[in-house]
Trainee: 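Here you go, one structure.
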Amino acid sequence: MLKDITLGQYYPGDTLVHRLDPRTKLILTLIYIAALFTAIVYAGYALVVLFLAVSILLSRIRLRNILSGLKPLIIIVLITGILNLFYTKGEHLLVHFWRISIYWEGVETAIFMALRIMLLIAGTLLLTYTTSPLQLTDGLESLLNPLKKIRVPVHELAMMMSIALRFIPTLIEETDKIMSAQRARGADFETGGLIAKAKAMLPLLIPLFVSAFRRADELATAMESRCYHGGEGRTRMKQLSMARRDWIALAVGVLLLALVILFRRLGI
Amino acid sequence: MTPVLQTVRLTHRYSEGTPFERVAVDSVDFSAQRGEFIAVIGHTGSGKSTFIQHLNGLLKPSSGSVLFDGKDIHSSKEFTRQVRFRVGLLFQYPEYQLFEETVYRDIAFGPKNMKLKDDEVDERVREAAGFVGLGEEILGKSPFDLSGGQKRRVAIAGVIAMRPEVLILDEPTAGLDPGGREELMENILRYHDGGKRTVIYITHSMEDAARTAQRIVVFNHGHIAMDGTPREVFRRGFELIQMGIIVPQITRVMMRLRELGLDVDDSVYSVDQAIAALRETKGGGDRA
């Protein structure tokens, strides 16, 4: 069912990870990704995995939720893994039949690549699981603030993002409802060829667009009647502030990246 | 007589196997005979909407079954499809499902999906439009240019054009003005046609339910809490209030009288009944 999509899902909580400033979490995620792509040796990987594992433990997000978030990517992970398995040439031949040969190096790369993708997603999932969409966009806006100097409409972009995130569940629910209503009138969304299927989507898409425009219109009116006029001079109810724990977390992140780079240099 | 619709230990769980799992409908046994006019009430989240979506096969039960004319509606794909047309379901705020360029084509969507011949479709569209009081001149207009009340009528005509044997409506009068509500209830009664067709409808308004339905089914926490004639249901007014259902004002007046010690029949739901009940009460006749 559509309702089961966990995209951008937020699991409220009151753990250290939840309490971190969203900016800290955003920067940490970037550091984590950088470390992940720098790590090419076992020790480096181990460190990255350790970092993620500790973060997950601290956040009290159940591993099952992370795994279910990874589920939609199984195919991408598998394809990447298989391609790497067959196309990596090396010295230690493992299997050879017909025109296919698998090297030990291929197995290694395949595992590492699959692991890398999964770790990448798991890390970003942890960010969205522990940070509410509102906090996330606030953090993003604050981090991108310097770009205002070169006339990037940072506030407007952030506002657009939070509105979009806010309306995803609403639109999913709406889609579900309209689909049911049309199916009750005999609409068939499943069978038929590509063209028949595309045509069958019209009774779904048209009402969905109409209602999205209506909602946008209503939202704009509601915002204007509350005197919204962009980011100029706008204050916040919840000010972002960096606490001691944020600096410590960032220091840990920097240390992680430094160690991973060191391990890569040393080649252990 | 075989009931036209029947559910056997119907259970529906949302998000099965996730931490968000929730039982919306819990082993409900229900049956409707041909020609009945049934009102379904219950407060928000009592499972009534989920329940009715099983009756035309839109939702598949997690366990239990739904029978149409004694046959499981999920017994074959073809039968499920047939049941969709024979059990017409009108959703809440149905005007948001309109999509065609003209009113005519929108009403024709259902009949066309039934693979009827063009002249049959034409006849049904005109009949259904006339039934809900839409004039010829409206048929060529875009549904998006109509007023809210007219859009609602178009949506209802879209279901009626399939000529379902059972018509199910989810809060059909929500958001309409009193005049519109009145007209719509009249239309539904006319579709019921004195018992030729079956009507099941969800409503929040106990007044509506009491006035039109022969039978009221009360949902609470995914179960059927009460099932009977309006009087039988209203006799349990106190329980209704505990379930978060708003009972008619006149019923509440009578309940209060009873509380104050007057031995009066408080299963009434209209002013006339209340007057009659008061007259019957000991000594009431003299004073009236």
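In what follows, chains carry the letters A, B, and so on, assigned in the order in which the sequence lines appear, proteins first and then strands, with residues in each chain numbered from 1.
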Trainee: Hey, which of Leu98(B), Leu58(B), Leu89(B) has the most heavy atom pairs under 4.5 Å with chain A?
Mentor: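 Top option by heavy-atom pairs under 4.5 Å: Leu58(B).
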Trainee: In this structure, are over 12 heavy atoms from other groups packed under 6.0 Å from Arg9(B) atom CZ?
Mentor: no
Trainee: Taking side chain as everything from C-beta outward and backbone as N, CA, C, O, which of these in Gln53(B) sits under 4.5 Å from a heavy atom of chain A? Side chain, backbone, both or neither.
Mentor: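 When you check distances to chain A, only side chain atoms of Gln53(B) fall under 4.5 Å.
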Trainee: For the residue pair Tyr96(B) and Arg214(A), establish whether any side-chain heavy-atom pair is separated by less than 4.5 Å.
Mentor: yes
Trainee: Does any backbone or side-chain atom of Ser180(A) lie under 4.5 Å from a heavy atom of chain B? Answer side chain, backbone, both or neither.
Mentor: both
Trainee: Search all heavy atoms of Gln182(A) against all heavy atoms of Gln97(B) and return the closest pair with its distance.
Mentor: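 Between these two residues, the closest heavy atoms are NE2-O, 2.9 Å.
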Trainee: Should we count CD of Glu101(B) as having more than 12 external heavy atoms under 6.0 Å?
Mentor: no
Trainee: Quick check: closest heavy atoms across Ala184(A) and Asn56(B), and the distance to 0.1 Å?
Mentor: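 That closest heavy-atom pairing would be CB-ND2, 3.9 Å.
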Trainee: Evaluate whether atom NE2 of His221(B) has more than 12 neighbouring non-hydrogen atoms of other residues, nucleotides or ligands under 6.0 angstrom away.
Mentor: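 Count not over threshold, so no.
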Trainee: Do you know the tightest heavy-atom contact between Arg84(B) and Arg183(A)?
Mentor: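 Scanning both residues, the minimum pair turns out to be CD-O, 3.4 Å.
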Trainee: Can you see which heavy atom on Arg81(B) is nearest to which on Asp188(A), and at what distance?
Mentor: NH1-CB, 4.2 Å
Trainee: Is the number of heavy atoms from other residues, nucleotides or ligands under 6.0 Å of Phe37(A) CZ greater than 12?
Mentor: yes
Trainee: Which atom pair, heavy atoms only, marks the closest approach of Phe99(B) to Arg185(A)?
Mentor: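 For Phe99(B) versus Arg185(A), the nearest heavy atoms are CE2-NH2, 3.9 Å.
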Trainee: What are the two closest heavy atoms between Ala187(A) and Asn113(B), and how far apart are they?
Mentor: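 Where Ala187(A) meets Asn113(B) most closely, the heavy atoms are N-ND2, 3.5 Å.
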